Amino acid sequence: MPQEDKTATVRDERYDPQRVESKWFERWQQDTSLYAAEPASTKPKYYVLEMLPYPSGALHMGHVRNYSIGDALARYMWMNGYNVLHPMGWDSFGLPAENAAIAHNTPPREWTQRNIANMKAQMKRLGFAYDWSREVTTCLPEYYRWNQWFFLKLYERGLAYRKKSKVNWCPKCATVLANEQVAGGFCWRHEDTLVEQRDLEQWFLRITNYAEELLRDLDKLEGWPDKVRTMQRNWIGRSEGTLVDFDLGGTVGPAGSTITVFTTRVDTIYGATSVQLAPEHPLVADFTANNPELRAKVDQLKAEQRKAKEAGDIGEIEKHGVFTGRYAKNPYNGEPLPIWVANYIVMDYGTGAIMSVPAHDERDYEFAKKYGLPIRVVIVPSSSDPEETVAEPQLPFTTYDGMVVNSDEFSGLDCVDAIRKMSEHAEKKGFGKATVTYRLKDWGISRQRYWGTPIPMLYCEKDGIVPVPEKELPVILPENVDITLTGGSPLGRVPEFVNATCPKCGGPARRETDTMDTFVDSSWYFYRYADARNDQAPFDSNVVGYWFPIDQYIGGVEHAILHLIYSRFWTKFMRDMGLVRNDEPVERLFTQGMVIKDGAKMSKSLGNVVTPDEMVARYGADAARLYSLFAAPPDRDLDWQDSGIEGIHRFLGRVYRLVSKHSTRMAKNTARSVWEERLTIVGAPGLERDVQRKLFQTVRRVTEDFKGRWHFNTSIAANMELVNQLYLALEHEVGEGVTLEVESGPPLPTLDPEFSRGVFAYLVLLLAPFAPYLAHELWEMLGEKDNLLRAPWPKYDPALAKEEEIEIPVQVNGKVRGRIVVPADADDGFVRDRVADDEKVRAAIAGKQVVKVIIVPGKLVSIVVR
RNA sequence: GCGAAAGUGGCGGAAUUGGCAGACGCACCAGACUUAGGAUCUGGCGGGGAAACCCAUGGGGGUUCGAGUCCCCCCUUUCGCACCA
């Protein structure tokens, strides 16, 4: 800092984020290998990942928050000597590109590329430390060819199959949705749009093959939030039960001659007094074929169920049913049971048919009461005293804690035993078996849209379904496709694409025109980062073996059952084909809260949006990042307040002025080992000791926040406290009326130059993960030559962080009545003496009898008197 | 209906294992420096009271020398699941 140039000095001492940040931005632009992970290293590896964004056009504050957390962690791990992999990419296939294309007449690829360029520039301006040499863009053939390759592998293994079935159709998306993409009957992208059911031929992935393992391994994911694990558990929805065939006594129609019922309580089957079918059950069509009256009633029930489902309250539907006039035989006792159709029985769970046991099921009880069906008790409470006559239980009696009665040879068994024995019985007799059902269904991945990975399959009149040979991959997504027309897959209107040659017979074949769900792209993208430029394989197994599993994954909880369950499935499939060795992709998962403003999620329609660009322009990237970490703990929702970032801006200015003022008065050109040793001196004098203690306390707090709870808001608060104390400490030495702002005047208070340098260097190191621009600027100002990014994280000596003397409160009968000052390690006897000396305490206990004295070392003294 | 999380000053939030409630920041008030201040520095800032003190962590009970923290009941908000047979 040139002393003779007054104006320069003045300008330099004012914190100007634009000046500081543009300087470092330029430097960082020059060095493309700055944040590159080392391919092989003796250092321990650390893979930190934030969920890749959809390139919608611009980053929003939610992104900034997500990436600020990840970036702070990445920088912290670098400073702790890890070989860090911190990549970024683009989830760049998907509907918005098509919709934008239709709205603005821009091809999806152009729109997407423009958005990527803009968002990448924003990320760089925000100073996120990504290894851009590993950038993954899912809409490029070099990426999606491996989607196609994986699809062929799945097909080879029977894990991809084609089937006609009822599928979810979103009229706004004009495409099919997976079950996971339907929320309460509505489209996950259009919360006001009801999903319709359509019969379509679709490609499915057999995720249900892994249902059991996906469920079981949740227990191993101890680094995941319980909330997410619970959501996945619920989604998989494992249920043990028994399938039982009820005979109709002859074929009714195409749907056959038996009703298969799923029940978790086969032990209650002797209490069944009817069979209930879902209105959509195939047999119902047979029953109503020649019975218009019944059909009308069934249609009514169907409509009621549909309405309730659409309203999202199928749980509260008023139960209605109609007797079909038919009977089915209970195979256990040969009893004919009336068959009903009921509006509360849904086709998409179990078999769509139940046995109704009013005595032991609340719903059946309610239904039976309403329609006057018989109620027969077959389970009674287990009695501890066998002599006692078993009382009639309060109905419905639904617990497993009971004993079976009135059930032939099964009478006398307890419920759990009975379920097992009765299932075995069914299997032996050939009318049923124990089974496990899941709520999880196979993953439908066909999409009738343009902007996605073409499914590499062919349809030949002679050879049927034929996969595209591996060597012909990728099947390139054609350009210049008219996507403005609706109805059917856009690719179907491109003859050059559709018309192909059958690789088996050489005859004409038709190409599959549906594209893949974009969740395919994101199911394995993080493996590609490990070996992003491989053109022989999706990745090299050994390279992936080094980096995986991901040590820390950070993203929004909204992907709890979509992306995160698909990714787990994909990993297990790749493991089974020998491509990866890990069972799970992610070791630790962190779900950050949303950014809200004025009590609502930021959205254009509410007009409460704050953009990163505005914030960067006004306060700089550091302030925007720091505020997004400071305003709330990362796992909670963040309430954005414009005035809050002002405070952060002020804080950064305070740090800047403090360091720049004192940088001229501290030691230069000394090695870290020198000032670090001076910093850790034992027996430092007054002011120095106060600063030293606070410094090491701060190092401890920030370090522990990184290791533990990730409450960066308190880490940053700790840094603020340190800065506040430095201001006061340095001010204090000068005396009254002299402030640090004075341009000329008496010399500022000086700490030992080496010590001083150490203090400020540590402060800068502590801020480096959160505010990299300012930290780099100050690091350089201090004359440090090492790369701050790899500079060792500060250490703390617990002994030096310790207070010598502490003030502890003295309570009398639970009220604070006095305070004593004692050495931090004072023993009980010493404390007792001090308490006895204290005037206020003496007054409080005067004339009373001391019953008990509790001394909590270092915390408080509690005296009980009577 | 079931399950989970949360409820603390005017606001965002601290208080990690039961031990001084309100760290840090915002807003506000006062002072300093100033031609000026929307810059900067310093101080104040839960409520009541002149004070001693008293009251206060959604409400009500309890355990304890001591409860924001543990237990029971209730209220509110958010999220997840929902006739799952």
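FYI, side chains are in, hydrogens and waters are out, and symmetry mates aren't considered; it's all heavy atoms of this structure. Computed from a predicted structure; not experimentally measured.
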S.K.: Base of B:rG13 relative to its sugar, syn (within 90° of 0) or anti?
M.R.: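 Anti conformation here, the glycosidic angle of B:rG13 being more than 90° from 0.
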S.K.: Working to the nearest 0.5 angstrom, can you tell me the gap between A:Asp635 CG and A:Phe590 CZ?
M.R.: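 If I round to the nearest 0.5 Å, the distance is 4.5 Å.
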S.K.: With heavy atoms under 4.0 Å as the rule, sort A:Ile648 into base, sugar-phosphate or nothing.
M.R.: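 No contact.
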S.K.: Can you tell me if the side-chain N/O atoms of A:Arg650 get under 4.0 Å from OP1 or OP2 in B:rC26?
M.R.: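 Answer yes for this pair, as a side-chain N or O of A:Arg650 is under 4.0 Å from OP1 or OP2.
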S.K.: Any base atoms under 4.0 Å from A:Arg233, or only sugar-phosphate, or nothing? Heavy atoms, all strands.
M.R.: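 Since no nucleic acid heavy atom lies under 4.0 Å of A:Arg233, the category is nothing.
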S.K.: Hey, mind stepping through A:Ser715 and A:Asp705 against side-chain hydrogen bond (donor to acceptor under 3.5 Å, both in side chains) and telling me if it holds?
M.R.: CA-CA 6 Å; A:Ser715 312; A:Asp705 273 333; 2.9 Å; yes
S.K.: Between B:rA23 atom C1' and A:Met720 atom CE, what is the distance in whole Å?
M.R.: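 Atom CE in A:Met720 sits about 12 Å away from atom C1' in B:rA23.
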S.K.: What integer number of Å spans the C1' atoms of B:rG80 and B:rG10?
M.R.: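 Pairwise C1' distance, B:rG80 against B:rG10, rounds to 33 Å.
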S.K.: Look at the side chain of A:His711 and decide which nucleotide, out of B:rA14, B:rU40, B:rA85, has an atom nearest to it.
M.R.: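 Nearest to the side chain of A:His711 among the choices is B:rA14.
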S.K.: Respond yes when some side-chain nitrogen or oxygen of A:Asn724 is under 4.0 Å from OP1 or OP2 of B:rU42, and no when none is.
M.R.: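 No.
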S.K.: Pairing check on B:rA15: which nucleotide meets the Watson-Crick or G-U wobble criteria with it, both distances under 3.5 Å?
M.R.: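 Base-paired to nothing in any strand shown.
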S.K.: Does a side-chain N or O from A:Arg636 land closer than 4.0 Å to OP1 or OP2 of B:rU78, or not?
M.R.: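 So the side-chain polar atoms of A:Arg636 never come under 4.0 Å of the phosphate oxygens OP1 or OP2 of B:rU78.
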S.K.: May I ask which nucleotide in the shown strands pairs with B:rC26, Watson-Crick or G-U wobble, both distances under 3.5 Å?
M.R.: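 Matched B:rC26 with B:rG10 under the 3.5 Å cut-off.
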S.K.: Reading RNA chain B from 5' onward, which residue's closest nucleotide shows up sooner: A:Ala631 or A:Arg819?
M.R.: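 The answer here is A:Ala631.
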S.K.: Would you mind telling me which residue lines up with the more 5' stretch of RNA chain B, A:Gly644 or A:Gly814, judged by nearest nucleotide?
M.R.: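 Here A:Gly644 is the residue nearer the 5' end.
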S.K.: Should the pair A:Phe367 and A:Trp340 be assigned to parallel (<30°), tilted (30 to 60°) or perpendicular (>60°) ring geometry?
M.R.: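 The arrangement is perpendicular - the two ring planes meet at more than 60°.
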S.K.: Measure from CD1 on A:Ile863 to P on B:rC65 and round the result to the nearest Å.
M.R.: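 Whole-Å distance recorded here is 15 Å.
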S.K.: Taking atom C1' of B:rC20 as reference, at what distance in whole Å does atom CG of A:Asn813 sit?
M.R.: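 Between C1' of B:rC20 and CG of A:Asn813: 17 Å.
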S.K.: Is the shortest side-chain N/O distance from A:Arg14 to OP1 or OP2 of B:rU40 below 4.0 Å?
M.R.: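 Answer is no, no contact under 4.0 Å.
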S.K.: Does B:rU35 have a Watson-Crick or wobble partner in any strand here, with both distances under 3.5 angstrom, and which is it?
M.R.: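 Looking at the geometry, B:rU35 pairs with no nucleotide.
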S.K.: Can you tell me the base-pairing partner of B:rC70? Count Watson-Crick or G-U wobble geometry only, both distances below 3.5 Å, and say none if there is no partner.
M.R.: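 Across any shown strand, B:rC70 pairs with B:rG62.
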S.K.: Counting Watson-Crick and G-U wobble pairs only, both distances under 3.5 Å, name the nucleotide matched with B:rA4, or none.
M.R.: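 Answer to the pairing question: B:rU78, which forms a Watson-Crick or G-U pair with B:rA4.
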S.K.: From A:Thr703 OG1 over to A:Leu766 CG, what is the distance, rounded to the nearest 0.5 angstrom?
M.R.: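 If we round to the nearest 0.5 Å, A:Thr703:OG1 and A:Leu766:CG are 7.0 Å apart.
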S.K.: From CG of A:Asp639 over to P of B:rU77, roughly how many Å is that when rounded to an integer?
M.R.: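 It is 18 Å, rounded to the nearest whole Å.
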S.K.: State whether a side-chain donor-acceptor pair under 3.5 Å links A:Gln300 with A:Glu304.
M.R.: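 Present: a donor and an acceptor within the cut-off.
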S.K.: Distance alone, cut at 3.5 Å: any donor-acceptor contact between the side chains of A:Arg654 and A:Asn724?
M.R.: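 Side chains of A:Arg654 and A:Asn724: pair found under 3.5 Å.
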S.K.: Parallel under 30°, tilted from 30 to 60°, perpendicular over 60°: which one fits the rings of A:Tyr15 and A:Tyr656?
M.R.: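 Tilted.
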S.K.: Using the P atom on both, measure B:rG19 against B:rG25 and round to a whole Å.
M.R.: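 After rounding to an integer number of Å, I get 24 Å for this pair.
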S.K.: Send over the distance from A:Met594 CE to B:rG12 C1', rounded to a whole Å.
M.R.: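 The answer, rounded to whole Å, is 16 Å.
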S.K.: Give the rounded distance in Å between these two atoms: OH of A:Tyr15 and P of B:rU40.
M.R.: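 In whole Å, B:rU40 P lies 13 Å from A:Tyr15 OH.
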S.K.: Please report the distance, rounded to the nearest Å, between NZ in A:Lys227 and P in B:rA6.
M.R.: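 The answer, rounded to whole Å, is 11 Å.
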S.K.: Under 4.0 Å between any heavy atoms, over every strand shown, what does A:Asn719 touch: base, sugar-phosphate, or nothing? Just pick one.
M.R.: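 Result for A:Asn719 = nothing.
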S.K.: From CG of A:Leu638 over to P of B:rG12, roughly how many Å is that when rounded to an integer?
M.R.: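 From A:Leu638 CG to B:rG12 P: 12 Å.
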S.K.: Quantified in whole Å, what is the P atom distance between nucleotide B:rG9 and nucleotide B:rG68?
M.R.: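 Those two atoms are separated by 14 Å.
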S.K.: Using a 4.0 Å heavy-atom cut-off across all strands, classify A:Val346 as base, sugar-phosphate, or nothing.
M.R.: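 Base: the residue A:Val346, judged by heavy atoms under 4.0 Å, touches a nucleobase.
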S.K.: It should be established whether A:Tyr727 places a side-chain nitrogen or oxygen under 4.0 Å from OP1 or OP2 of nucleotide B:rU42.
M.R.: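 The answer is no; no side-chain N or O of A:Tyr727 sits under 4.0 Å from OP1 or OP2.
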S.K.: Would you say B:rC41 has OP1 or OP2 under 4.0 Å from some side-chain N or O of A:Arg654?
M.R.: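 True: A:Arg654 side-chain N/O within range (under 4.0 Å) of B:rC41 OP1/OP2.
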S.K.: Between A:Tyr349 and A:Phe262, what is the ring plane arrangement, given parallel below 30°, perpendicular above 60°, and tilted in between?
M.R.: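 It falls in the perpendicular class, over 60°.
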S.K.: Measure distances between side-chain N and O atoms of A:Ser643 and base N and O atoms of B:rC26, and say whether any donor-acceptor pair falls under 3.5 Å.
M.R.: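 A donor-acceptor contact between them is absent.
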S.K.: State whether A:Thr437 places a side-chain N or O below 4.0 Å from either non-bridging phosphate oxygen (OP1 or OP2) of B:rC84.
M.R.: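 No, A:Thr437 has no side-chain N/O under 4.0 Å of OP1/OP2 on B:rC84.
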S.K.: Side-chain N or O of A:Lys815 versus OP1/OP2 of B:rG19: is the shortest distance under 4.0 Å?
M.R.: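 A:Lys815 to B:rG19 OP1/OP2: no side-chain N or O under 4.0 Å.
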S.K.: Within less than 4.0 Å of OP1 or OP2 of B:rC24, is there a side-chain N or O belonging to A:Asn713?
M.R.: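 For B:rC24, OP1/OP2 do not have a side-chain N/O of A:Asn713 under 4.0 Å.
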S.K.: Can you check the distance between B:rG38 and B:rC28, where both ends of the measurement are the P atom (answer in whole Å)?
M.R.: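 Rounded to whole Å, the distance is 10 Å.
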S.K.: With sugar-phosphate meaning primed atoms plus P, OP1 and OP2, does A:Val816 contact a base, only sugar-phosphate, or nothing at under 4.0 Å between heavy atoms?
M.R.: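 Here A:Val816 touches no strand at all.
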S.K.: Provide the distance between the two P atoms, one in B:rC81 and one in B:rC74, to the nearest whole Å.
M.R.: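 Pairwise P distance, B:rC81 against B:rC74, rounds to 25 Å.
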S.K.: When the C1' atoms of B:rU40 and B:rC33 are compared, how many Å lie between them, rounded to an integer?
M.R.: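 Their C1' atoms lie roughly 8 Å apart.
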